[in-house]
Each structure stands twice: as C-alpha cells, then as structure tokens.
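Below is one structure; the comments refer to it alone.
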Amino acid sequence: MRHDEILGLLPPLNYTLDDRPDLQLLLLELLFWAVVIVLTLALVRFRPVLLEKVESRIRAISQHTRFWLAAFPLLVILFRLALLPWMPTPVPEVHDEFSYLLAADTFAHARLTNPPSPLWVHFESFHVNMLPTYQSMYPPAQGLALALGQRLTGVPWSGVLLSVALLCAAIYWMLLGWLPAPWAWLGGAFACMRFGIFSYWVNSYWGGALAALGGALVLGAWPRLRRELKVSAALILAAGLLILANSRPLEGFLFSLPLLFSIAFLLVKNGRANWRAAAKAVLPAIALLALGAGWMLYYNWRGTGQALVMPYQLNLQTYHITKPFFFQKPNPIPYYRHPEMRVFYILHELPGALLWKDEADYFTRVKTSIYYGFFLWPFLFLIAPCILAILRGELRVVLLSTVLVIADLLLQIWPPHSHYAAPVTGAMILMLLYSLRYMRSHREGWPSAYGLWGSRAVVIVFAMWMISPIAEKLWNPFLLTITIQQPGAVGTKVYPLPLQFQRARIQSDLQARGGKHLVIVAYPFRDAPSQEWVYNDADIDHSNVVWARDMGYLRNQDLLQHYPDRQVWYVDRGDVTASLVPYDRVSAPFKLAFERAVFETNSQANPNQRQGPTSAAANMTERRATAALSVGIR
C-alpha cells in the first residue's frame, strides 16, 4: 500500500523504461467506460424504480449536513479500527516515515528539536539532521499529528487515522460551499472510501492527509468568503494556509495563490469591500497567520540556527547531490562517513535523477499517470468535455490552482508520489463532481435520459470497482515476500520477510526481553538502503533499543565505552534471516587480530620494552589493524 496503489483491478504502477503507463491507464479506462455505456443502455431500457428510490432516499438523508459532518470522520475511524485484525497498525518502511516518527517522538516529549549526540556519526541516517541539532528534515505538520496520536494513545499511527478522518470531514465541508447537499454527500462518501480505509495515506506514516486537509480548508473558505466576509471563514482560511505551509510549503503556496488573489479581486470588483467590516473580519485571521509565521521562524531557528533556513534546506545542502528541480545545478558531492550513504546518494539517487533528465518525455508520462491514476482515474472522458464549462464558471480559479501545482510537480526531479500533490485533493474531487453533475443536467445534443441514467451508471460501476480492493487487501494486507536486486549482482535475492518487518521483529523482540540494548548494523557491499534500519528515538541515550552503524572494530569501541550498561548485538542486513548475534562473539577474532597487531608494533618499536606504542607506532598499529579487519566487521 504505497505510491503504486490504485483503485482495484489495476496492476501496481511500478514502471520501467519499457512500460507505457499512459497506455495502460487508457486501455483500462476504455474498459471502464465500455461497462458504463452498456449499463447506461440497460438502465434507459428498463428504468428500475428501485434505483430511483435509493437516489431519492440519499437525497433526503443528505440534507442533514451537520450530522454527516460528524458522521463521516467517525465512520472512517470505526471502520478502519474494525479492520485492524486483518490490516494491523502499519510498519514504517521508507526513510520518510522514520523521519516523521522521529519528529513525532520529539514533539511528544515537548521539544522542538534535540541536542546532538556526542556519537552522532554512528547514528547518521537518511532525511535526519544530526547537526547542529538532531531532528527530522521535514516540515513539522505530519510530526505534530503523529505526536498527538503518541500522546493520546501511545500509538503514533492513531494520529494518522485522526488526520485522515478530519480530511474526509473537511472535503465534505468544502463541497457544501460549492455544491448542493446531495452532491457534497456523494463526494464525502467517496473521500471516506478512497482515502480513509485502503489508501496508503492512512496505512503508512508518509503523510498526505494533512496537506489535503489544508487545501480543502482553503478551498472551502473561498466560496463562503466570496459570498460574505465572516470571521469564522477567514480563520478557517488562515488555518488551512498554515497547515499547507507546515506540510507541503511550495505546493501549498502555489495552490493558494490564485484563490487568495481572486477573493480580493472579486470583493473589490463587485464593490462589496466595506473596508471597516473587512478589517474586522480579517484581522483575527491575519493575527493567526502572523502567530503561525513567527512560530515557524522560531522552529527553524531552534533546529538550524537560522530563522530563514528550514531543516529541509539544511539536509539538502548536507547530504544530497541532486536538487529538487530539473533546471538546478547539482551540489558538489559531499563527504560521506558511511559507504551505504555514499552508495545511496551517488549510485542510486544521482543516476536516477540524471535518467529523469535524459528521459524527460517518458517520465512526464509516468508522473502524469501516477497523479492521474491516484486522484482522477478513470474519469478522463468525463472531465475532458467539461473543461470549457469549468473555464467559463467559478471553477476556473480552482483549475488554475491545480495546474500550477501539477506544473511544479512535473518540473521536480524526484520520483512521483501521490502525496506530493495532496493540496489539490479537494479540487480534484470538486471538478469530478462538477463534471458528473454537468453530464447529468446537460441538454444539448443528446437525450436527457442518457445523461441522467449515464451519471447513475458511472456511480454504480465506480462503486463496484472500488469494492474490489477490499477482498484483495483483506486476503493479503502485506506482501510477505520481497525480491531484491543487489547492485552489480546477477539474479535476485529472496527474503522471507520484507526488510522493515525484519527490523520491526528485532525491535519487538528486544523490547520484550527488557533491559537496554545496542544493535550494530552492518550492510552488504554496495548496498543502497532504500529501506534503512539505523533510526532512533528522539532521546537516543535513554532508549531501550539503540541502532548504530558498524564503523569497524576500532570505531565501534566508542559505542561500547559510551554504553557500558547495554547488551550489544550485531546484525548483518544482508543475512537472509537477519539473526541477532552477540557482538563480543562476532568481534572476538578481530579483537585478537588487533591485540596481535599492537604487540607486534610494540616489539618492533622497542624490543627490550613492553609498553604502550608511541604515536608513530600507534599509527602503524591502526594501519595493521585496519588491514587485519578488512573482512568481516569493517
């Protein structure tokens, strides 16, 4: 349940250069519409009364807007919790998730950031800043949501579930500002099923819901402020802007800019701008924005030492060679202290970015397919004929905001993930419903019965199409085998469990044993760990389990001296079983080789004395020991 998810009956969109994802989606969409057309003809022919009664009933219950505003998020929470026996709490997998969990643990302990560890080099990891403070590189919104879940229930994922539930409520509230209640109800029900149960937005820690929530609040406040300046709507707009600024800052800014300009322009143009009343309505919102901006600057200052430098920027400068956009020149290659980090950034991230530049046309199709497949598939043939109607009406500003965000995403060098476009979630649903409503009410060029029954057929077929992932996810919620192609290796290596399940198993086992543990992790040669193991809690020294990188026998002594009260373990990430081995058992031969090298060096330096080596002899000792330890533990 990751970025390649899509609504039922579709293969995972894991593309290679030989694939044509756009053609895959097009063919499957043609299949969808073929089924819709057949069903439409059948409905026009038989005109089932039961279907009209169901629609009439939905129209009646949808009028209870306050009830559904509370019911939609509650249903999401209850339904997802009911599925926990089949779809348990997600296990963090990618770098981003562990980074967000670090932010959550930091905030849950009432801190904005953490002091750096004196042994930070052993804990260095992806998407985490180690200096000048120890913190996540990402904006704080997702971490705050996870921290809320951690404080309330002890389980950070409950914050994810809460944020997705609030997203579904916000989308329904937003639609009520644009559409009649029955159409808003239809959009709210779609959001609950699409994002609240089987989406990776709720089944991971990767985020998406909060940025979509901020976008929905901004978009929902727009029509209300356009009709009347109210303090409540202005405050909701300000809250949405702050959520966007602290989740997806760039995409949120591009999405909000046309909406903000259009509100001011329409008020002035229509002569409805009573400046005294306007000031009274917007001053609380401005105060909220100023307070939020001040907090953001303070957060940056605490984390990076500079109010105008975000942790994200610092991490890009420290570790990354590539920059976010195609037109930006890469950074100089930094100094990497760990071979696995060097391999990841130089042999994994950089070649991928260069390939995206060389194959720009292809990857544009890939990106378009990913975003379209997640948000709008299979409604291209529904929305395309309505573009002119959208451009002539109030929705043109929404279309402009969406186009700006999509243009930004197409220019980015990173591989596409659907949560990058999260601010436009509400806009996509709004335009989809507008197109469906336009199809239902359009009277030009074809009999009205086909538009009416055709719209019903679209809803029926799509609802059935959405049900299909339920059986799939309940049958196999998680992939229990993983195939990994080692760089430069021939063939594949099959692990009995995905790497992150192995890590979670080790973590759970050590916590169940009690006491304090230190796990030293070794990586295979030229391993580019897209699934990393070395991540720790906010307070490393007081954690029950500490994960550290294997830096060789000599450098590892710093860890053993710093943590004399911990049981020290060694694990090889290349080991199929990922077995924990006591570190002293693994390091015994290397300890003996080191002591022998020291003895021989002392003997050569002064045959008549047995004393500690001089500085020159110590250097020779280190070189000999390093040579002796060049196999096994690095």
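Note that these values count all heavy atoms, side chains included, but never hydrogens, waters or copies made by symmetry.
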| request: Before giving the answer on side-chain hydrogen bond (donor to acceptor under 3.5 Å, both in side chains), spell out for N114 and D539 the whole-Å C-alpha distance, their side-chain angles and the decisive distance to 0.1 Å. | output: CA-CA 7 Å; N114 306 284; D539 190 350; over 6 Å; no

| field | Candidate pair L518 and Y583, rule side-chain contact (heavy atoms from CB on, under 4.5 Å), full reasoning | value | CA-CA 9 Å; L518 170 64; Y583 183 76; over 6 Å; no

| request: Determine, step by step, whether R80 and N203 satisfy the side-chain contact (heavy atoms from CB on, under 4.5 Å) criterion, reporting the C-alpha distance in whole Å, the side-chain angles of both residues, the deciding distance to 0.1 Å, and the verdict. | output: CA-CA 10 Å; R80 184 59 187 88; N203 292 307; 2.8 Å; yes

| task | Show your reasoning for whether ring-ring contact (aromatic ring centres under 6.0 Å, His included) applies to Y563 and H122. | result | CA-CA 13 Å; Y563 297 114; H122 292 271; 9.5 Å; no

| said: Checking Q142 against V160 for the side-chain contact (heavy atoms from CB on, under 4.5 Å) test, could you report, in this order, the C-alpha distance in whole Å, the side-chain angles of both residues, the deciding distance, and whether it holds? | reply: CA-CA 8 Å; Q142 180 72 2; V160 176; 4.1 Å; yes

| task | Might you work through the side-chain contact (heavy atoms from CB on, under 4.5 Å) test for K367 and Q412, ending with a clear yes or no? | result | CA-CA 10 Å; K367 286 187 174 185; Q412 290 185 16; 4.1 Å; yes

| E340 and R573: salt bridge (charged side-chain N to carboxylate O under 4.0 Å, His left out), yes or no, with the steps? | CA-CA 12 Å; E340 52 271 16; R573 231 180 68 120; over 6 Å; no

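Proximity of a side-chain donor or acceptor of Y319 to a complementary backbone N or O of N129 within less than 3.5 Å is not detected. At least one donor-acceptor pair under 3.5 Å links the side chain of T133 to the backbone N or O of G303.
Between L308 and L297, some side-chain heavy-atom pair lies under the 4.5 Å cut-off. Taking the side chain as every heavy atom from C-beta outward, N300 and P311 approach each other to under 4.5 Å. Residues I506 and W569 form no side-chain contact, since every pair of their non-hydrogen atoms from C-beta on lies 4.5 Å or further apart.
Ion pairing of D509 with R513 is present here, as a side-chain N (NZ or NE/NH1/NH2) and a carboxylate O approach within less than 4.0 Å.
A distance of 5.5 Å separates OH of Y336 from CD1 of I346, quoted to the nearest 0.5 Å. The CZ atom of R549 sits 11.5 Å away from atom CZ of R337, with the distance rounded to the nearest 0.5 Å.
Side-chain contact of Y299 with N246: a donor-acceptor pair under 3.5 Å is absent, judged by distance alone. Side-chain contact, W547 with Q507: a donor N or O sits under 3.5 Å from an acceptor N or O. For the residue pair Q306 and Q313, no side-chain donor N or O sits within less than 3.5 Å of a side-chain acceptor on the partner.
Using a 30° and 60° split on the angle between ring planes, Y298 and W301 fall in the tilted class, from 30° to 60°.
Qualifying ring pair (Phe, Tyr, Trp, His ring centres under 6.0 Å) partners for Y535, counting only residues two or more places apart in sequence or in other chains: F98. By the ring pair (Phe, Tyr, Trp, His ring centres under 6.0 Å) test, Y138 is found to be paired with Y100, H127, residues two or more places apart in sequence or in another chain being considered.
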Which donor-acceptor pairs under 3.5 Å do side chains of residues 323-334 form with protein atoms, sequence neighbours excluded?
{"unit_1": "Q328", "atom_1": "OE1", "unit_2": "F325", "atom_2": "N", "d": "3.0"}
{"unit_1": "N331", "atom_1": "ND2", "unit_2": "L316", "atom_2": "O", "d": "3.4"}
{"unit_1": "N331", "atom_1": "ND2", "unit_2": "H320", "atom_2": "O", "d": "3.1"}

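When all heavy atoms of L213 and L167 are compared, the closest pair comes out as N-CD1, 3.6 Å.
Checked against a 6.0 Å centroid threshold, the rings of Y200 and H417 do not count as neighbours.
Atom CZ of R151 sits in a sparse spot, with 12 or fewer heavy atoms from other residues, nucleotides or ligands closer than 6.0 Å.
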